[in-house]
Amino acid sequence: MRHVIVAANWKMNTTPRDAGELARVIGSRTREPGVIRVICPPYVCLAAVRDAIAGPDVAASDGMGVAVGAQNVHHEAAGAYTGEIAASMLAGLATWVIVGHSERRRDAGEADELIGRKLRAARGAGLRSILCVGEQLADREAGRAEAVVGAQLLGCLDGADLADFGTEGGLPWLAVAYEPVWAIGTGRTARGADAAAMADAIRRTLVALGMRGGEDLPVLYGGSVTSGSIDEFLAEPSIDGALVGGASLKPDEMAGIVARAGLTAAARGAFAKPSS
Ligand code: PEP
């Protein structure tokens, strides 16, 4: 049975003054048995979010509580990298990290090989990763979306010991977010059936790469997800949740999205759905 995950990518929004309260409101309005919730604020807001939702023992927030995630991490352990944050520095602040987001591929020139190094650095420091992959519109229109995403996976996981990225202690070390680049922040979404086919292709690729348990790897959809569009994706048994950007700053939207994810978790028998 695959985990159901809803992750909030707040991008470059919120401040240390308001992030904790927003996280607290979202956390209290999204309690759904069986849904792993991850809030990824800017680095400078990690402590405020942790204090608001996770308490001092951030690891305890995994599982049924709300987990805290970072939006990026550096691939080296330490050194002369002005402005960067190493994975070990996130200890006590975050248990998850987003790597390979298309905005970092676009704005910071991150390529698959570097993203792979970040993945390995994160795993080495005990952080669970959400690895983002996705094609450009021209790739989809040319019928090469699966080939592009497959190549991204190969490039990011080359050199990784895939045995390290399975599930341990009831939680996965890796989730993949399929985020078609043309759907991020545009209000345009993929079709649920296309996203589901991609999720299946992602798992097939990971199994072919030799990942034990690759068929159980959670694959999330991301790209302009709202409470109104989430159903199209979670109605697909192959999709295990969402990486939410713009809508994740709105408690009403998050409440709707996580409520729908709760139905998926209950249908999978992750937890009994309360009768009320
Ligand atoms: C994202 O940031 O990963 C994302 C999918 O953004 P949005 O939901 O705003 O498209």
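Note that ligands are numbered from 1 as they come in the structure, with each ligand's atoms numbered from 1 the same way.
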Relative to the heavy atoms of [X], which atoms of ligand 1 are at a distance of less than 4.0 Å?
X	answer
I184	4 (C), 6 (O), 10 (O)
G185	7 (P), 9 (O), 10 (O)
L243	3 (O), 5 (C)
S224	7 (P), 8 (O), 10 (O)

**OP:** Indicate, as side chain, backbone, both or neither, the part of N9 found under 4.0 angstrom from ligand 1 when only non-hydrogen atoms are considered.
**Re:** side chain
**OP:** Determine whether the side chain, the backbone, both or neither of S248 has a heavy atom under 4.0 Å from any heavy atom of ligand 1.
**Re:**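 Within the 4.0 Å criterion, S248 makes no contact with ligand 1.
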**OP:** May I ask you to decide if C40's main-chain N or O and Q71's side chain share a donor-acceptor pair within less than 3.5 Å?
**Re:**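 Yes; judged by distance alone, with no hydrogens or angles, the pair exists.
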Tell me: protein heavy atom nearest [atom], and distance?
atom	answer
atom 9 (O) of ligand 1	G246 N, 2.8 Å
atom 5 (C) of ligand 1	E179 OE2, 3.1 Å
atom 6 (O) of ligand 1	K11 NZ, 3.1 Å
atom 8 (O) of ligand 1	G245 N, 2.9 Å

Contact (N/O only, under 3.5 Å) between [X] and ligand 1:
X	result
V244	no
T186	no
E103	no
G222	no

Subject >> Pair D161 + R120, salt bridge at N-O below 4.0 Å >> reply: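 So D161 does not pair with R120 through a salt bridge.
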Subject >> Cationic N near anionic O, under 4.0 Å, E21 to R24 >> reply: yes
